Every structure is written in C-alpha cells, then in structure tokens.
2 protein chains.
Amino acid sequence: MSVTIKDVAILANVAPSTVSRVIANNPRISEKTKVRVRQAMADLGYHPNIIARSLANKSTKAIGLVMPSSTDKVFQNPFFPEIIRGISGGAHEKKYSIHMSTGQEEEEIFEAVTHMVGGRLVDGIVLLYSRLDDPVQNYLKNNKFPFIVVGKPHKYEQQITYVDNDNYTASKDATEYLIKNGHQLIAFVGGDPNLVVTADRLLGYQDALKESNLPYHQEYVVHEEFLREGGKEAVNELFSLANPPTALVVTDDVMAFGVLNTLDQMGLVVPDDVSVFSFNNVLLSEISRPPLSSVDINIYRLGYEAAKNLIQKIENPDEPAKRIIIPHELIVRQSIRKK
Amino acid sequence: MSVTIKDVAILANVAPSTVSRVIANNPRISEKTKVRVRQAMADLGYHPNIIARSLANKSTKAIGLVMPSSTDKVFQNPFFPEIIRGISGGAHEKKYSIHMSTGQEEEEIFEAVTHMVGGRLVDGIVLLYSRLDDPVQNYLKNNKFPFIVVGKPHKYEQQITYVDNDNYTASKDATEYLIKNGHQLIAFVGGDPNLVVTADRLLGYQDALKESNLPYHQEYVVHEEFLREGGKEAVNELFSLANPPTALVVTDDVMAFGVLNTLDQMGLVVPDDVSVFSFNNVLLSEISRPPLSSVDINIYRLGYEAAKNLIQKIENPDEPAKRIIIPHELIVRQSIRKK
DNA sequence: TTGTATGCGTTATCAC
DNA sequence: GTGATAACGCATACAA
C-alpha cells in the first residue's frame, strides 16, 4: 500500500541510502541521480514516513501544548485560542508540528505529559500556565526536558525559560493613565490572587498610586474569578462603599465585560460615572458597549515567542535559561472619562 | 539515557519480547513474571517509546485536527475552542492524542495535511470546516484515509462520515418561536452564503414563514461576515426599509452581538423594538446586554462525537459512512419580546 | 509459558 | 558519489 524509500530506490536503480541522501539534499550526491531519484519519488507519490524518521533521528519535530486543568472554563477566555494561534505560527515557521495534551483533571494532565515526554512524542513542551508547585513543571525540570512557560514561574525563576509581559509596568501604566485623567479613587479588580499575573498587576497598581501620592485603600482591592459572573460581586462590593471609586483597573477583559453589565444594571454609566481599564485587548473589548480601554499584551506574540524560543532551546540544549518579555501597549477606547 | 524494553528485560531476567507482552498484558504470561517485569519497569522508570511502537504497529493512536484557513479570524469565534474541547474529550476517552495542523493559507494547510497523512503521523483526521470542492477533502477521499467532517459535506454526502446539527429544523424552530410570539416581519441575517450551514438555516427560516402563511421578502435576507462589524451593515440595510422587521434570526452569536451594538446606536431597544434569535449559545450570548436568545447547537458534543466516530471508523475501516446529528435546543433569554 | 528472529521505514557509519 | 549494513525501540510469527 504505502510506498517506502526502498520502492523509490528500486525504481531509480539506486540504494535506499542514496534515496535518503537525496531527501536530505546531501551535497555529495550528483545532480543527475538527484534528478532521477526525485522523479521516481514523484512517480510513486512517495512521502517520507515521519514516524520512522523520528525513531532513527530521536527527534520528532513536534512540540507539546499543555493547558491548565479545567480547560472547560479556561477555554471560554479568548486568551487561549489566541496564544495557540501564536504558538502555531512560531512552530510552523520552524517546521515543527503541535501535539495537544488532552485531559481535564490535574492528574490526567500529568499523565498526558508523561505520555508525551516519556513516549518521546515531542521534543519540547509549552506550558500555558504557571502554578505554584506544579508537578508537571517539576517533572520536566527533573528530567531536564526542554520546556518553556507562558507567564512567570513561581520558583526557580532563574533556571526556567519563560515568556511574559512586564505585568507590573503594564498595570502601573494603566493606573497612571487613569490618574493623569483626573481619577483619584481607583479600585483594582483582580483575578485569582494566587496567580503571579494578578500579584504583578496589583503591585503595579499600588506603586502607581504611591508615586502619585494617592492613598492606598485595602477595600479598593477585590478579587474575583476570571469569568462571566466574575465582575458582579466585585462591583457590588466596591459600589456599596462610602466613597465608591470613579475608576476601575480590571485584570481581564472578560471580567471587565461582566463589570460593564453590572454597572449598567446599577444604573451607572461608563465612562460618565465610572471609568474602566482592563487587560488583554481581546476582540471582546473592542466590540463591547462601550468599547473597553485595555492593555494590549500582544497575546499572539507571547505564543509566537514561546514556540520560537522553545525550539531554539530544543536545538541548542545547553543554552542558559532565558526570560522573554513581550511589550505591551495601552489601547484607549471610550470606557474612560478623560480630563 | 533513556531506558528501553531491553534494559527492563535484562533486569527482570527475561527476553525483550516477554516485556513487550507484559506491557500489552498478554494473558499467556504468568502472573509471576508479570509481577517481576513490572517491578523492573518501575525500578528503571521505564516508559514505552510511542514512536517505536507506532512504527511497529503502523498506528499512532493520534488524530489530526484541521482548521479552516485564515485561522486568525476564525479563532475569534468561540465556536472553535469549544469544539476542540469536545474533540479533546472524545479522543481522551479512547486514549488517542491530538495533533494540530499549523498553517494559515490554504496551501499551507494542504501541505500540513499531506505531512500528517503521508507522514503517517495520525490515524485519522477531523475537518473543522466544510467547503465547496475542498482539495483537502478530495485528497483524503482519494487516499481512502479515515476522516470525519464537522458540518455537512457539499458533495458525496452519502460517502462521507460527518457530524452536524439539523440546521434546517433548528432555524425553523427558532423562526416559529418568533412567529408564535406575534412576530410577522422577521428578517434573516446569515453568514457566508456559500456555507452549507447558512443555506440550511435560510431554508428553515423560509419554510417556517411559508407554513405560517407569512410572506417571504427577498429584502429581509442579508448576508454578512461572521465577525464583529458583521452585524452593522446588515442592520443598516434592514432598518432603512419601508417596513423594517420586528424580529431577527441571526446565524451566529458573535454577529448577533454586533447587531445588538448597532441597534443600540440606532436607538432601537432590544427586545422592545426588535427581537433577536441567534445561534450557537456561546458564553457571549449569555453575558451580552440583553442576554441573547440562542439556539444551543451543543458544540462540545459536536466535537466529542466527531472524535468518537472518527476513532470508531479508524478501528473499523470498512464501516459504511455515517451521519451523526446532534440535537439542538432553543435557549430563550431576554432578547425576545413575547406575546 | 517464554525465547528467537524478523520487520516496521528511516538515518548514519562505514566501506568502496 | 554510492552502496551495504547496522542501528532506532518495539511487536509478533514462529519455535521451543
């Protein structure tokens, strides 16, 4: 059924090894035979068997994608499709293919990773999340298997290659923008406080206030889940304060979208009554009512660089750990009342 | 470095073939040696090399995912993450892994497919789109390679296995719901008219009108792109008619969201002035303002069944082509003014 | 019940 | 320049 290198060899009247060399475009093969062999390949509709090649090469030219557990929830966030798109782009350029991990529960994911790594299905791994004491991360580190994490690692920051934004500065920039536009009562609506992103962005917010000599109030900081209902409770809390904020820094567009809805229900008008600055700049922020000001963290490039640098590490194993910071940009839309 | 079946064999004092049989849990091996071999595997931290196994087996236990071209745009639609989630779930249950195609342009995609198929990287393929005269589909058909398409194939419907909704009935149901609630002037906002989904839904809409003896007006049917700006022009067209519609059937939530925004800008209130029924029931429809009535097409299950049935076909090659119809459900929310 | 030998389709190391 | 030949790690038909 399927045509192999041997069939080609017979038809072209050469040895299998010669065919292999032609495929690799080995310079030691004469043009004549190259032409002849290529013709034979075309005639037979030959395609190299990647599996066999991988076995001989001990390299699969594939990278593994590991999603956070509870992908069900997380996939609702447009962040993931977009970063996968970036990874796909980076991988494609280097002619690597992509293997996705399946599995929802934490244990299943770990299993999927050992399957990919131990089974030598992939040459490296992209971790799409960064958790405290992550067994997957430990496993990869212990096995010295090439991997890169998207986001800042909690531990061993110096020893792990990762791509991230400067979330501290990004948040500081956004907060300062609000301050410059006359806001003094600025609240912070963060996601899971155990996430490094949240912590980084909170710090940026705090420092922005500090540097502008604005007071920092504990009650102005609330944490909610990333998704849909997320904003609701946060907003309720904040606007039942004696001195409700006039502006909000929200760490995720989807959450900000929820905030927008809740404010609307409360009869508060954005941006007249309250201004909102959020993060990620996904499609949603553009088409929301009103369009959201959002920090563009360049998700695509985050993924693209992740793939690129992982592959670099795969092909150059003793390269030291790197840190890649993707620039951000403030995208100002109608959700902010300007001075 | 990496421990193989031979190392285990030596440690356990058996032949490599015995180890192989233990892995496969071959009943002809005595419990004693099984235990001993398993112990050796554990001691050495053995993990089977999937690549080698695939080569010997001529089966990779992996399925390939092929996205439509211009994934950049398409990935903005929450439909894709969700269906991938379903596929992932179905594959996981059968212990299959997932290989993603990279590449954006049509030609790159075709190349990626021949790479996966010819390179024997996967045992079967899920096509996440259905196009007219698709070279990929022809290639797979000609090579008799197992594949399944999500959506209805344009040609050879009888010979190709696919999962789809009953889009005709779904659209008819939605339209009838509007009619039952007193709407007589109902417009249809469709996506790309070359897509079979669009055609099916248009037909359902038309027949619903017909069966209720409502007139069908050509001007009430507009087609727009699936994304963001999508709704705008459509709505402008419709509401500059002499007799503007009081209800809209929109074939995609994201587009409906755009419609909502445009209506808002025009000062039209949903549902008081105009009612909207859309499709897909993605998160967006739930959190929009007002929440959208949407036909839940059960995207997850679409993906789940795609994976399940593809794998069934892989493991049972001469099974005839099947058609799997996923049930839909009308989810009524505030976007409809009821009688 | 277990071991031996061979093949899966390549690549790579020798030779010539 | 090109051709044998031995890996790569596993599965399996055939022996024993």
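For clarity, every value in this text was computed on a predicted model and none was experimentally measured. The chains referred to below are lettered A, B, ... by the order of the sequence lines, with proteins before strands, and numbering in each begins at 1.
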Using a 6.0 Å distance limit plus a 45 degree cone around the ring axis, check whether B/Lys152 lies over the aromatic ring of B/Tyr162. no
Under the side chain to side chain donor-acceptor pair (under 3.5 Å) criterion, do A/Ser20 and A/Ser17 qualify, and how do the steps go? CA-CA 5 Å; A/Ser20 177; A/Ser17 50; over 6 Å; no
Please determine whether any donor N or O and acceptor N or O are separated by less than 3.5 Å between the side chain of A/Ser54 and the base of C/dT10. no
Any base atoms under 4.0 Å from B/Ser20, or only sugar-phosphate, or nothing? Heavy atoms, all strands. base
For A/Pro16, report the nucleic acid contact type (base, sugar-phosphate, nothing); a contact means any heavy atom under 4.0 Å. nothing
Give a yes or no on whether a donor-acceptor pair under 3.5 Å exists between the nucleobase atoms of C/dT1, that is its base, and the side chain of B/Arg36. no
Under 4.0 Å between a side-chain N/O of A/Lys58 and OP1 or OP2 of D/dG9, yes or no? yes
Please classify the nucleic acid contact of B/Arg53 as base, sugar-phosphate, or nothing, using heavy-atom distances under 4.0 Å. sugar-phosphate
Minimum-distance nucleotide (side-chain atoms of B/Arg21 versus D/dA11, C/dC14, D/dC14): D/dC14
Regarding the side chain of B/Ala15, the nearest nucleotide among D/dT12, C/dG3, D/dC8 is C/dG3
From C/dT2, D/dA11, D/dT2, pick the nucleotide closest to the side chain of B/Ser30? C/dT2
At less than 4.0 Å, is any side-chain N or O atom of A/Lys34 found next to OP1 or OP2 of D/dG1? Yes or no. no
Would you say the side chain of B/Ser17 and the base of D/dA11 hold a donor-acceptor pair, judged only by whether the two atoms sit under 3.5 Å apart? no
Report yes or no: does B/Asp7 contribute a side-chain atom to a donor-acceptor pair with the main-chain N or O of B/Thr4 at less than 3.5 Å? yes
By the 4.0 Å heavy-atom rule, please label A/Asn13 as base, sugar-phosphate, or nothing. sugar-phosphate
So what does B/Val14 touch, heavy atoms closer than 4.0 Å: a base, only the sugar-phosphate, or nothing? sugar-phosphate
Please determine if B/Lys308 and B/Glu305 form a salt bridge, counting it only when a charged side-chain N lies under 4.0 Å from a carboxylate O. no
Side chain of A/Thr18 only, heavy atoms from C-beta on: which candidate in C/dT2, D/dT2, D/dG9 is closest? D/dT2
